[in-house]
Amino acid sequence: MAIPVYVVTGFLDAGKTTFLNTLLNRRDWQDTGILVIQFEAGEEEFQSRYNNCYSISFPKKYLDQQPKQVIGQIVDAMRRHEFDEIWVEWNGVVPFSQLQALLLQPRLRNLCKIQKVIHIADGSSIENLLGRTGGALPEQIANSDFAVVRNVHSAAVYKRIRRLLDGINPGVEIYEIKAYKDLYKQLFRRRENPVNFFFLTVVMLAALYFSARSAFEALQIPFNTIINVFLGIILQAVPFLLMGVLLSSAIQVFIPQRIIERWFPKSLGMGMLAAIIGGFCLPVCDCASIPIFRSLVRKGIPVPVAVTFMAATPVINPVVILSTYYAFSGNMKIVVGRVFFGIIAAVIIGLIFALWPLKGQVLSGGALDRLMCSCGCYEDAESVTTFTGKLGLFIRHSQAEFFSVGKYLVIGTFIASLVQVLGTGIFTAAQSGAGLAVSIIIMMAMAFVLSLCSSSDAVIARSFANQFPMGAIMGFLVFGPMMDIKNVMMLSSGFSKRFIGKLLFTAFIVCFAVVFLLSGLGGM
């Protein structure tokens with residue numbers, strides 16, 4: 001039977017040896033035979049109080065130059081003693097994958113198996129270290145099951161660090177250590193059985209549904225309608241979101257930076273033309289275009305070009321064209337008008353970002369985001385050369401991206417469902433006697449709060465055709481796919497607030513101006 005291996009990771013001076021000294025010298029552990037393997041020599045030494053621990057240490061240079069000798073010494077120690085557990089203190093500047101490769105060597109593979117990986121994070125330095133010390137540290141966090149945060153002096157800092165760790169490794173358990181008393185219980189508590197957890201979640205959701213329904217019905221709010229609208233939007237959006245996430249991950253993992261630098265048009269005009277053609281060819285709605293947009297910015301595509309792509313794609317792609325044609329009974333003026341206005345507005349928005357670039361960071365991850373992709377893919381994607389390795393990165397990237405953006409989609413969709421059920425009367429009432437400019441603004445505001453999928457919003461727009469002029473309907477069809485509540489929520493998962501605010505304001509002004517000035521064309 002393989003001996004369980006517990007790995008302790010963390011940057012230099014994070015407190016790994018202190019952690020081992022405190023944890024392994026517990027009185028109730030004195031009869032457990034433990035092998036402690038240290039791949040790092042810090043200021044503090046590991047000392048066994050009850051002599052039940054046998055320790056060996058390997059300098060980083062020895063590990064790099066003579067890995068076979070390292071394996072031989074570990075195997076010899078395991079043969080001379082009977083160990084119940086192995087604890088590894090891993091070097092803070094060495095990638096975790098190197099340890100995995102070491103333990104997968106034939107001589108060790110059947111003798112031991114990694115049971116749990118614990119990351120020690122020093123709260124006073126972790127925010128400065130990430131993104132400035134290479135990929136080893138975030139890779140260690142990404143592979144951890146449990147993170148221990150120490151030296152945190154305020155709730156706000158802990159909240160920030162927790163968000164940071166959770167962003168790198170969404171599944172990690174995070175524990176703020178104030179005393180070691182409860183740490184053992186937290187570290188080795190049994191995780192909830194997934195089946196039990198599933199049924200418990202179902203029961204809680206059912207209880208929440210019935211209690212919330214009673215409260216809403218008491219207030220005469222159509223709760224069932226809100227839930228139906230919410231589920232309708234989610235079911236409609238998730239396939240497109242998944243498509244966008246897969247495309248985004250493929251760009252991130254499979255397309256090398258040098259290919260984009262070599263082949264993507266260097267001039268602003270040609271770059272925008274490429275963005276428009278790309279948007280015209282990709283059958284993705286607004287839910288899918290945002291992950292791709294983020295991936296393009298990370299790959300170094302100029303922001304004005306990427307903005308043009310994001311604004312144009314959900315308005316002019318083939319699915320939107322066909323749905324608009326179907327909803328308006330083959331009226332080509334509406335179809336062509338939507339595509340034409342969408343292209344004009346997207347190009348102007350991109351030009352505004354080119355002429356008045358935003359100062360400061362566009363991506364919210366700052367230095368961390370420039371080095372890595374905040375998704376757990378902390379190996380350098382271009383250093384992974386095998387197809388199997390690339391495929392693994394692609395799956396991990398897709399998974400992290402889907403959950404990163406998906407939670408904002410759920411929140412935005414729920415808000416939009418509430419507004420869609422409760423607030424549409426306000427918009428239609430405001431239309432009475434309004435001029436074209438006011439009607440366009442009303443329909444653009446309605447598109448923003450309703451947050452419909454661009455592949456099907458034309459059907460809803462058609463239902464307002466008897467109450468609003470066609471120019472206002474066009475405002476709905478052009479602005480809604482570019483920016484709405486759920487899009488703003490999804491953008492907030494990866495972009496700075498200043499950038500999102502500027503994009504929202506610019507898109508609104510440009511779409512209004514384009515539709516108002518050009519809506520007379522073609523008899524609209």
Side-chain angles (χ1 to χ4, degrees), residues 127 130-131 156 159-170 230 233-234 237-238 240-242 244-245 248-249 252 284-299 301 303 306-307 309-311 313-314 349 353 357-370 372-376 397-420 444-445 447-454 479-508 511:
E127 292 176 286
L130 278 169
K159 188 177 178 182
R160 251 188 0 249
I161 294 173
R162 187 180 178 87
R163 191 183 306 125
L164 186 64
L165 297 177
D166 197 51
I168 296 171
N169 183 352
F230 171 77
I233 298 176
I234 286 292
V238 165
F240 288 100
L241 175 63
L242 186 60
V245 164
S248 163
S249 302
Q252 194 72 25
V284 294
C285 72
D286 48 337
C287 301
S289 66
I290 290 174
I292 300 174
F293 168 56
R294 190 164 69 168
S295 187
L296 291 175
V297 174
R298 280 183 179 145
K299 277 293 183 183
I301 300 294
V303 171
V307 165
F309 173 84
M310 191 211 73
T313 302
I349 293 169
F353 273 84
L358 188 73
K359 296 178 181 177
Q361 294 292 332
V362 172
L363 295 168
S364 57
L368 174 66
D369 219 41
R370 285 201 302 275
M372 296 154 283
C373 54
S374 298
C375 65
H397 189 287
S398 301
Q399 181 188 27
E401 186 89 357
F402 182 82
F403 286 107
S404 172
V405 180
K407 59 188 176 186
Y408 292 98
L409 173 68
V410 172
I411 296 170
T413 299
F414 185 73
I415 296 171
S417 305
L418 284 173
V419 176
Q420 203 170 133
M444 288 172 63
F448 182 80
V449 298
L450 293 184
S451 301
L452 301 168
C453 178
S454 64
F479 176 70
M482 295 183 186
M483 297 298 291
D484 59 28
I485 291 175
K486 70 176 188 308
N487 290 357
V488 170
M489 296 296 292
M490 290 168 70
L491 284 167
S492 65
S493 68
F495 293 90
S496 67
K497 292 179 181 176
R498 288 188 63 205
F499 173 77
I500 297 171
K502 179 177 178 178
L503 182 60
L504 175 60
F505 179 76
T506 305
F508 188 89
C511 288

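Note that the numbering runs from 1 along the sequence shown for the chain.
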Check: [Y] and [X] side chains under 4.5 Å, non-hydrogen atoms:
X	Y	answer
Ile349	Leu503	yes
Pro357	Val303	no
Met483	Leu491	yes

* Atom pair CE (Met490) and CD1 (Ile485), whose distance is rounded to the nearest 0.5 Å ->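 These two atoms lie 14.0 Å from each other.
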
* To do: Starting at CZ of Phe309, measure out to CD1 of Ile301 and round the result to the nearest 0.5 Å.
  =>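 Between atom CZ of Phe309 and atom CD1 of Ile301 there are 10.0 Å.
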
* Within the distance-only criterion (no hydrogens, no angle test), does the side chain of Asn487 pair as donor or acceptor with the backbone N or O of Pro481 below 3.5 angstrom? ->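 Yes; judged by distance alone, with no hydrogens or angles, the pair exists.
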
What are the two closest non-hydrogen atoms of [X] and [Y], and how far apart are they?
X	Y	value
Met444	Phe479	O-CD2, 3.6 Å
Cys511	Met482	SG-SD, 3.6 Å
Ala447	Gly480	CB-CA, 3.6 Å
Ala306	Leu296	CB-CB, 4.4 Å

* Return the orientation label for the Phe293 and Phe495 ring planes: parallel under 30°, perpendicular over 60°, tilted otherwise. =>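 The rings of Phe293 and Phe495 lie parallel, inter-plane angle below 30°.
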
